Structure formats: structure tokens, C-alpha cells
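Notes for the one structure printed next.
As the structure is a prediction and not an experimental result, all values here were calculated from the model. We're numbering straight along the sequence, starting at 1.
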Amino acid sequence: MKQGDKVGIVCCSNGQQRSYQEKLEKLHDLLLQMGLTPVWSNYIYAKDSAFFSSGRERAESLMHFFENREIKAIFDISGGDVANEILPYLDYDKIAESEQIFFGYSDLTTVINAIYAKTGKVSVLYQIRNLLYEHGKQQFSDVKHTLIGGADDLYHFQYEWVQKEHMQGIVVGGNIRCLLKLAGTPYWPDMHGKILLLESFHGGTALMTTYLNQLQQIGVLEQIEGILLGSFTEMEEKGYMPSIEELVKHYAGEHIPIAKTKEIGHGSDSKGIMIGKKLQL
């Protein structure tokens, strides 16, 4: 990317509240300061509920950006519950042919992994609204240096080993709750030989136990080459026990490499990670 390039702004999950409009205008200005020109979808703000527009409408808005060669990247600024509603309406052949990279987090885990499963195309688990928050200055620097400067600042994260000391494979996954929405659908990525990234915002020990049991019961933990744990915000802030590391070790067994980072997830200091790209730790 270069100075002056256009980027699409979409909202494929829950709509933004009108009370947030001033902050989104600030986001617009920050992207302009970075040297990028934001182009906004027609479907950004919520009305009476999360169903501010149909899944087809939001999918068509996203496809408009994938089909527009002037758009060099697409940032989804939403999260919530309804992103998977758009999946049947996306044109995966056109997405596969496109040059744009899609960025989103949380509920957009569904879209990111569907894109990889159907096209093999890389997307980025990252929320561009991080530019607005506590660590906004650093985020601005990381995004600019990475997208325009060709560096890898946005993708360089610190981690520590929980179990074993080496893993490599293509990264899939993201938010554990949202990823599991894809189970049993055509949008579920092949897990064989992959590094499974898992992170979460809400949820305590019981809920994580449920999710890990489902991953075990559908055979994922027998297929993957490693697990990368991001931040599990509620569990870590409230000090729930057993910890997420202990839970994952219990269900994964002692043979799967496990690493932990605090820098991927819902935190305002979170880095980005490429879903669908090979990673070696």
C-alpha cells in the first residue's frame, strides 16, 4: 500500500450505536493522517437492534469493496453476534481473485476463517478501532509502518511457552466462541497440521470448558500441530481458576505444543495476526 490509497470500512456484525459516531469520525481523521482514504459502507449504524440491515445487504456491501480495485484493504469495525449471517451471500471466487486484505476481530472470526476455508486467502485478526483507545499512538505507528512502510510491526508479538518449545503451521481460529459457530458448516477450516489460535473476551471457566470439550469432541485437538492462546480477558482479569492454560493443557494432552501471548485478542494493545499464513514459533 502507499500514501493516498483507499480503504473500505464495513460493519458485518452488529451495527454501531449512533452515540459512537463522533469516535468513528475521529477514526476517519486518523486514517487520513496516516495517509489512507477511508470509504465507508452504507451499513454502519444500528437501528432498533443488531438487525440494522440484512445479511445479504451487508455481504453485498463487503463484496463491493472486494470488487473495487481502488480499495486496497478492508477494515471491519464491528463485533457482536451476527457476522455469520453474511457467509452464504459472499462470492468466494471473486474474493479469491481480489488483492484486498480483510481485517476484523471477535465475531469476524467467522468471516476470516470462512474466507480461508473457501479460498485459501489470508485475512488479519485485528480491530482498526484500536487506533482510538489507550494504546492508540503505538497502534497508529504499528499500522502505518506495516501497511504503508512494509514493516511487520503490527504482526510482531511477544509470547511464552506453556508446553514444549516449537510449533509451525498455518494459523486458523480466533475468538473461540465465534469460531465454533462454523463447526459443521462448509466454512469450517481444515484443521489438519494447523496452529489453532484461541482467544476470548467474555466467559469464565465453565464456558471455556464447554468450548474446549466441543473442540475435543469434533476431533480438532487430534488434528492440529499446536495451540496459540491469546488473551482471555474475563478469565484473566478476574483470576478464574483453573486458568485457561491449565484447562487447555488438560484437554489437549501433553504432546501438543502450547504457547501464550497477551498481545492478541480484545485488548487495546493487541497486535494483528494473519489467519491463513504459516507461522513458526
Side-chain angles (χ1 to χ4, degrees), residues 8-17 20 23-24 27 40-41 43-47 49-63 65-66 73-90 92 95 101-118 121-130 132-133 171-189 196-203 207-208 210-211 214-215 229-235 264-268 270-276:
I9 310 294
V10 297
C11 203
C12 294
S13 189
N14 297 34
Q16 300 292 297
Q17 297 299 315
Y20 202 67
K23 290 185 178 179
L24 294 185
L27 176 62
W40 294 74
S41 163
Y43 304 106
I44 296 293
Y45 293 101
K47 295 180 181 177
S49 71
F51 297 98
F52 61 112
S53 59
S54 69
R56 184 185 294 274
E57 288 171 326
R58 299 196 309 282
E60 288 174 352
S61 179
L62 177 57
M63 286 308 307
F65 288 133
F66 271 121
I74 303 169
F75 297 110
D76 192 293
I77 59 170
S78 65
D81 300 295
V82 296
N84 64 340
E85 186 183 20
I86 77 169
L87 300 182
Y89 305 111
L90 298 178
Y92 295 98
I95 292 174
I101 297 180
F102 180 84
F103 293 73
Y105 86 149
S106 194
D107 196 36
L108 282 304
T109 294
T110 56
V111 177
I112 287 170
N113 284 273
I115 287 174
Y116 172 69
K118 301 292 282 186
K121 186 178 175 69
V122 172
S123 301
V124 180
L125 191 78
Y126 179 74
Q127 175 53 263
I128 195 64
R129 284 191 286 111
N130 287 341
L132 298 171
Y133 305 142
V171 181
V172 295
N175 182 271
I176 188 170
R177 173 182 72 90
C178 301
L179 176 66
L180 285 167
K181 296 180 188 182
L182 301 179
T185 75
Y187 313 110
W188 180 255
L196 178 60
L197 168 68
L198 298 173
E199 59 84 22
S200 179
F201 184 55
H202 291 300
L207 195 55
M208 296 309 127
T210 294
Y211 296 150
Q214 186 177 356
L215 287 170
L229 298 174
S231 59
F232 283 71
T233 307
E234 181 177 337
M235 284 200 70
I264 296 174
H266 281 68
S268 62
S270 288
K271 300 281 190 169
I273 187 167
M274 291 185 174
I275 303 299

Can you name the closest pair of heavy atoms from [X] and [Y] and give their distance?
{"X": "Gly265", "Y": "Ser270", "result": "O-OG, 3.2 Å"}
{"X": "Tyr105", "Y": "Gln127", "result": "CE2-NE2, 3.2 Å"}
{"X": "Ile77", "Y": "Arg129", "result": "O-NE, 2.6 Å"}
{"X": "Cys12", "Y": "Leu108", "result": "CB-CD1, 3.9 Å"}
{"X": "Ala183", "Y": "Gln214", "result": "CB-NE2, 4.0 Å"}
{"X": "Asn113", "Y": "Pro189", "result": "OD1-CG, 3.8 Å"}

Measuring only between side-chain heavy atoms, which start at C-beta, is [X] closer than 4.5 Å to [Y]?
{"X": "Tyr187", "Y": "Tyr92", "value": "yes"}
{"X": "Ser78", "Y": "Asp107", "value": "no"}
{"X": "Leu198", "Y": "Tyr211", "value": "no"}
{"X": "Val171", "Y": "Tyr116", "value": "no"}
{"X": "Phe102", "Y": "Leu62", "value": "yes"}
{"X": "Arg177", "Y": "Asp81", "value": "yes"}
{"X": "Leu24", "Y": "Ile9", "value": "no"}
{"X": "Phe66", "Y": "Ile115", "value": "yes"}

Partner residues of Phe103 under the ring pair (Phe, Tyr, Trp, His ring centres under 6.0 Å) criterion, sequence neighbours left out: Phe75
[X] side chain vs [Y] backbone, donor-acceptor pair below 3.5 Å:
{"X": "Arg58", "Y": "Ser53", "result": "yes"}
{"X": "Ser231", "Y": "Thr233", "result": "no"}
{"X": "Thr109", "Y": "Leu179", "result": "no"}
{"X": "Gln16", "Y": "Ile44", "result": "no"}
{"X": "Lys121", "Y": "Gly276", "result": "no"}
{"X": "Asn84", "Y": "Thr110", "result": "no"}

statement: Rounded to the nearest 0.5 Å, the CD1 atom of Ile112 sits from the CG atom of Leu197 at a distance of 10.0 Å
Distance in Å, Ile264 CD1 paired with Ile273 CD1, rounded so as to fall on 0.5 Å steps: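 Spacing of CD1 (Ile264) from CD1 (Ile273) equals 3.5 Å.
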field: Residues Ile95, Met63; criterion side-chain contact (heavy atoms from CB on, under 4.5 Å); working and verdict
entry: CA-CA 8 Å; Ile95 292 174; Met63 286 308 307; 3.8 Å; yes
message: Once side-chain contact (heavy atoms from CB on, under 4.5 Å) is applied, do any residues pair with Glu199, and if so which ones, sequence neighbours excluded?
response: Asn175, His266
